[in-house]
Amino acid sequence: WTAIHGVWFPGPHGSMFDLVGTRVVDDVELVRRTTVRNDGITLFSISTICSRKAWNTYKQSFWVAHLTFKRTGGQNERQMEPWLMAAASQPSFKLAYPQSWEHEVAPSHNGEISGIHLRMLDAQQQTLMAYLLVRAKRVSAMPQRSLGALIEATIMMLGHSEIRPAGTLQPPSDAEDPRAVTVDGWIGGVIGDGTLGTAPITLRLGFMERDNVVFTLALCSPKLENDLLTAFRATRAFELARLTIELLP
């Protein structure tokens, strides 16, 4: 199957992933629509298939089947793993992260910058699989932050840890980052190829501001073609941290 469409969709019983693909069998082009949702760590999928010629006839009935799926019983739990909380001070903030990750609070040297390191290790707890830095910096009151200046300063900072872009970082499309519009104080972000030491990675940066505190999120994850599952888990950790960042008194 060749995927031609894949997005998160707000279903009546929680978000579900909607995936459409095509395939040719015996000279007949088929269309397949699959939706996937979870109850805790249990995944459920519905697949509907017909010929391309019959798609317009049946697609509405298919969509009703996808939308009305509801598990009888179960936990009704949308999180695939528990969330833990981490907090830093000066500036003080907290955020949530997946239980399978570990966190380390960065020391605040001048009371104006604080941060949290989040790391996902392999099953043996030896190899770094993905890394996320969330950094808070208190700034003077200004009407608007320059995304370009924030990116440039962050790339310079990450260079001290041998994290560098490998080419031009580009803003993700709305389809690639559909949740960005819901983030309070979101300034913008970029994504592209990078390196961690000599290892090829996907480098993602994001910026938001709350009450004259600018938050920088820098994610290092495997490239999709090298480790699809870890890349998706890293993206989820980025989105979770961004969603749950909260300034503390």
Side-chain angles (χ1 to χ4, degrees), residues 8 10 14-15 38 40-41 75-121 125 128-142 144-145 147 150-151 153-155 157-158 160-161 163 172 177-191 196 202-221 230-249:
W8 284 101
S15 295
N38 75 292
I41 62 173
Q75 300 175 338
N76 195 29
E77 177 57 64
R78 296 303 168 196
Q79 293 178 207
M80 295 195 71
E81 65 175 299
W83 296 352
L84 303 178
M85 299 299 299
S89 58
Q90 298 182 324
S92 299
F93 71 96
K94 66 178 181 179
L95 54 78
Y97 64 95
Q99 186 182 45
S100 56
W101 291 57
E102 63 176 31
H103 87 274
E104 176 187 356
V105 178
S108 178
H109 297 293
N110 56 14
E112 300 297 318
I113 299 175
S114 61
I116 296 173
H117 303 283
L118 297 171
R119 300 180 180 91
M120 183 172 68
L121 304 178
Q125 300 294 294
L128 180 66
M129 304 294 289
Y131 166 75
L132 173 62
L133 168 67
V134 182
R135 180 177 183 260
K137 181 179 181 180
R138 195 174 303 281
V139 295
S140 58
M142 292 178 60
Q144 187 174 4
R145 307 293 166 191
L147 179 59
L150 291 171
I151 294 170
T154 302
I155 290 175
M157 174 191 67
L158 294 175
H160 298 304
S161 300
I163 301 171
D177 192 12
R179 297 178 175 88
V181 295
T182 66
V183 178
D184 180 31
W186 184 243
I187 299 172
V190 288
I191 190 171
L196 174 54
T202 294
L203 178 60
R204 181 175 184 177
L205 308 179
F207 307 92
M208 56 191 290
E209 182 176 359
R210 304 268 179 82
D211 296 335
N212 293 326
V213 174
V214 172
F215 290 94
T216 298
L217 295 90
L219 175 67
C220 300
S221 68
T230 299
F232 282 161
R233 291 176 65 189
T235 297
R236 180 55 182 154
F238 179 99
E239 294 178 343
L240 176 58
R242 179 178 65 178
L243 174 68
T244 58
I245 286 175
E246 181 181 341
L247 274 172
L248 299 174

Working to the nearest 0.5 angstrom, can you tell me the gap between [X] [atom1] and [Y] [atom2]?
X      : Y      : atom1 : atom2 : value
Tyr131 : Leu158 : OH    : CG    : 7.5 Å
Cys220 : Arg204 : SG    : CZ    : 12.5 Å
Met157 : Arg135 : CE    : CZ    : 5.0 Å
Ile116 : Met85  : CD1   : CE    : 8.5 Å
Trp101 : Trp83  : CH2   : CH2   : 14.5 Å
Leu147 : Phe207 : CG    : CZ    : 6.5 Å

What is the minimum heavy-atom distance between [X] and [Y], and which atoms define it?
X      : Y      : value
Ala130 : Ser221 : CB-CA, 4.4 Å
Asp184 : Arg210 : O-NE, 2.8 Å
Ile245 : Met208 : CD1-SD, 3.9 Å
Gly111 : Ser108 : N-OG, 3.3 Å
Ala87  : Leu248 : CB-CD1, 4.5 Å
Ser140 : Asn212 : O-OD1, 4.1 Å

Item to complete: Check the pair Leu243 / Arg179 against side-chain contact (heavy atoms from CB on, under 4.5 Å), numbers first and verdict last.
Response: CA-CA 9 Å; Leu243 174 68; Arg179 297 178 175 88; over 6 Å; no
Is the closest side-chain heavy-atom distance between [X] and [Y] below 4.5 Å?
X      : Y      : answer
Leu121 : Leu128 : yes
Phe238 : Arg242 : yes
Ser100 : Glu81  : yes
Glu209 : Val139 : yes
Leu240 : Pro98  : yes

When Ile155, Ile187, Leu205 are each screened for side chain to side chain contact (heavy atoms under 4.5 Å, CB included) with Leu150, the one that passes is Ile187
Only one of Thr216, Leu219, Leu95 passes side chain to side chain contact (heavy atoms under 4.5 Å, CB included) with Val134, and that residue is Leu95
- Task: Can you establish whether the number of heavy atoms outside Asp211 located under 6.0 Å from its atom CG is more than 12?
- Result: no
**Request:** Taking atom CD1 of Ile41 as the centre, report whether more than 12 heavy atoms of other residues, nucleotides or ligands fall under 6.0 Å from it.
**Result:** no
Checklist entry - Is the side chain of Ser114 donor-acceptor paired with the backbone N or O of Ala88 at a distance under 3.5 Å, no angle test? => result no
- Which class fits the ring pair Phe93 and Phe215: parallel under 30°, tilted 30 to 60°, perpendicular over 60°? perpendicular
